[in-house]
Asks: 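One structure, as structure tokens, below. Some questions next.
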Amino acid sequence: MDTPAEVLVVDDDPMVAEVVTAYLTRAGLRVRRAADGPSALASAEAHLPDLVVLDLMLPGLDGFEVYRRIRELGPVPVIMLTARGTEGDRVRGLELGADDYVTKPFSPRELVLRARSVLRRAHPVPVEPAEAPPVPPTRTIGDLTLDAAGRRAVKAGEPLTLTGREFDLLAFFAEHPGQVFTRTELLQHVWGWEFGDESTVTVHVRRLREKVEDDPHCPRLIVTVWGVGYRFDPGPDAAATPAEGGDP
């Protein structure tokens, strides 16, 4: 990105908003603030930011509703920020498609690292042509076709609607068929986190199965290895080859 990324911080606690703003600004990001749901929507409608840091407990409209309406404006990444610590809230946020979830009290430095990670994936830095790596091939796995360069996935001729993180997870699995990865390892390889909530992986695997499996309740492609993690199993008749042209 030629100009610093712009972050919309939505929190009705002035102290939290001030601290978050200070740390993000110090990290070289531009920051706008909103203290309630309606003003957050108005700000996003006027100019869609590159990232939203969104508190769930807001006056006017709650964070879940604000999230849904902002996502209708465009594919802006969202980090949910809340005092709620129950797994149900985390799962609900992730199932809606949130890119990350940070629970109060939190480390502002950790939030900056999470924000940078999300922004890197949403806005990858272009590589100079002389340094560009070979374009990865399109992979065909049974009736699933994965175009890594175009970030497109098709199943049985029908395009799949995947979030950025879902595509990254699917691409990583496809690159490592037959290997078992723990949720911690997937956080490191796909999310780029050295630490984090492993339920993030659980939710994304479940959502990805709903889109790529014939029967998500009996997955055959993304297999659970009980007590360990997940394995991508294309099967003997569906090996991942270049094409022409339940939770633990």
Side-chain angles (χ1 to χ4, degrees), residues 1 4-13 15-34 40 43-44 48-58 63-64 66-67 70-71 74-125 162-169 171-172 181-205 207-208:
M1 302 175 65
E6 186 174 59
V7 182
L8 174 59
V9 175
V10 187
D11 199 306
D12 64 331
D13 185 328
M15 183 174 295
V16 172
E18 186 66 35
V19 170
V20 171
T21 297
Y23 272 80
L24 291 175
T25 301
R26 193 178 304 166
L29 303 172
R30 295 177 295 141
V31 180
R32 283 184 282 151
R33 287 168 53 177
S43 180
L48 199 63
D50 299 298
L51 171 67
V52 179
V53 176
L54 176 65
D55 185 27
L56 293 184
M57 301 292 289
L58 292 172
F64 291 118
V66 172
Y67 171 84
I70 286 180
R71 273 294 173 87
V76 56
V78 175
I79 297 176
M80 290 187 171
L81 181 65
T82 179
R84 295 175 174 175
T86 66
E87 183 177 359
D89 287 321
R90 293 198 302 272
V91 169
R92 182 183 176 191
L94 293 170
E95 285 182 334
L96 284 174
D99 296 84
D100 201 354
Y101 193 111
V102 179
T103 303
K104 299 176 183 177
F106 60 90
S107 162
R109 291 182 180 178
E110 177 186 349
L111 179 60
V112 170
L113 291 175
R114 298 287 185 91
R116 283 175 168 168
S117 175
V118 170
L119 285 167
R120 277 197 302 270
R121 291 186 176 277
H123 307 282
V125 177
L162 302 178
T163 66
R165 196 72 75 180
E166 288 168 355
F167 185 90
D168 292 338
L169 182 59
F172 181 79
F181 293 94
T182 67
R183 288 183 290 180
T184 297
E185 289 171 334
L186 291 171
L187 277 176
Q188 293 171 345
H189 291 298
V190 179
W191 278 258
W193 302 349
E194 292 301 321
F195 51 87
D197 186 349
E198 292 185 356
S199 66
T200 299
V201 177
T202 304
V203 172
H204 278 78
V205 167
R207 293 177 61 208
L208 188 57

Asks: Among residues at least two apart in sequence or on other chains, which ones pass side-chain hydrogen bond (donor to acceptor under 3.5 Å, both in side chains) with Asp11?
Replies: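 Partners of Asp11 under the side-chain hydrogen bond (donor to acceptor under 3.5 Å, both in side chains) test: Lys104.
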Asks: Within a strict 4.5 Å, meaning less than it, do heavy atoms of the Leu208 and Leu162 side chains meet?
Replies: yes
Asks: Any chance you could measure Leu169, atom CG, to Thr163, atom OG1, to the nearest 0.5 Å?
Replies: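 Nearest 0.5 Å value for the CG-OG1 distance: 9.0 Å.
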Asks: Could you walk me through whether Val118 and Arg165 pass the side-chain contact (heavy atoms from CB on, under 4.5 Å) check?
Replies: CA-CA 9 Å; Val118 170; Arg165 196 72 75 180; 4.0 Å; yes
Asks: Ignoring hydrogens, what is the shortest heavy-atom contact between Ala17 and Val9? Give both atom names and the distance.
Replies: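 Minimum heavy-atom contact is CA-CG1, 4.5 Å.
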Asks: Please round to the nearest 0.5 Å and tell me the distance separating atom NE2 of His189 and atom OG1 of Thr182.
Replies: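 It comes to 8.0 Å.
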Asks: For the atom pair CZ (Phe181) and CD (Gln188), what is the distance rounded to the nearest 0.5 Å?
Replies: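 Taking CZ in Phe181 and CD in Gln188, the distance rounds to 11.0 Å.
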Asks: If you round to the nearest 0.5 Å, how far is CE of Met57 from CG of Asp13?
Replies: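 Asp13 CG to Met57 CE: 12.0 Å, rounded to 0.5 Å.
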Asks: Rounded to the nearest 0.5 Å, how far apart are CG of Leu48 and CD1 of Ile70?
Replies: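 Between Leu48 CG and Ile70 CD1, I get 8.0 Å after rounding to 0.5 Å.
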Asks: List the residues meeting salt bridge (charged side-chain N to carboxylate O under 4.0 Å, His left out) with Arg116, not counting sequence neighbours, and say none if there are none.
Replies: none
Asks: If I compare all heavy atoms of Leu8 with all of Pro49, which pair ends up nearest, and what's the gap?
Replies: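 Shortest heavy-atom contact: CB-CG, 3.8 Å.
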Asks: Heavy atoms only: give me the nearest Val102-Arg114 pair and the separation to one decimal.
Replies: CG2-NH1, 4.0 Å
Asks: Can I get a per-line list of side-chain donor-acceptor pairs under 3.5 Å for residues 24-34, giving both atom names and the distance, sequence neighbours left out?
Replies:
{"residue": "Thr25", "atom": "OG1", "partner": "Thr21", "partner atom": "O", "Å": "2.7"}
{"residue": "Arg30", "atom": "NE", "partner": "Pro4", "partner atom": "O", "Å": "3.0"}
{"residue": "Arg30", "atom": "NH2", "partner": "Pro4", "partner atom": "O", "Å": "3.0"}
{"residue": "Arg32", "atom": "NE", "partner": "Glu6", "partner atom": "OE1", "Å": "3.3"}
{"residue": "Arg32", "atom": "NE", "partner": "Glu6", "partner atom": "OE2", "Å": "3.3"}
{"residue": "Arg32", "atom": "NH1", "partner": "Ser43", "partner atom": "O", "Å": "3.0"}
{"residue": "Arg32", "atom": "NH1", "partner": "Ser43", "partner atom": "OG", "Å": "2.5"}
{"residue": "Arg32", "atom": "NH1", "partner": "His47", "partner atom": "O", "Å": "3.4"}
{"residue": "Arg32", "atom": "NH2", "partner": "Glu6", "partner atom": "OE1", "Å": "3.0"}
{"residue": "Arg32", "atom": "NH2", "partner": "His47", "partner atom": "O", "Å": "2.6"}
{"residue": "Arg33", "atom": "NH1", "partner": "Glu18", "partner atom": "OE1", "Å": "2.8"}

Asks: Can you see which heavy atom on Leu54 is nearest to which on Gly63, and at what distance?
Replies: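 Minimum heavy-atom separation between Leu54 and Gly63: CD2-O, 3.3 Å.
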Asks: For Phe106, enumerate each residue passing the ring-ring contact (aromatic ring centres under 6.0 Å, His included) test, keeping only those at least two apart in sequence or located in another chain.
Replies: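 In terms of ring-ring contact (aromatic ring centres under 6.0 Å, His included), with neighbours along the sequence ignored, Phe106 is linked to no residue.
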Asks: With the side chain counted from C-beta on, respond yes when Ile79 and Leu81 share a heavy-atom pair under 4.5 Å apart, and no when they do not.
Replies: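 Heavy-atom side-chain distance check fails, nothing below 4.5 Å.
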Asks: Which pair of non-hydrogen atoms, one from Val19 and one from Pro108, has the smallest distance, and what is that distance?
Replies: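 Heavy atoms of Val19 and Pro108 come nearest at CG1-CG, 3.8 Å.
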Asks: So do Tyr101 and Leu56 actually touch side chain to side chain, heavy atoms under 4.5 Å?
Replies: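 Yes, their side chains come closer than 4.5 Å.
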Asks: Minimum heavy-atom separation for Leu51 to Ala115, with atom names?
Replies: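 It is CD2-CB, 3.7 Å.
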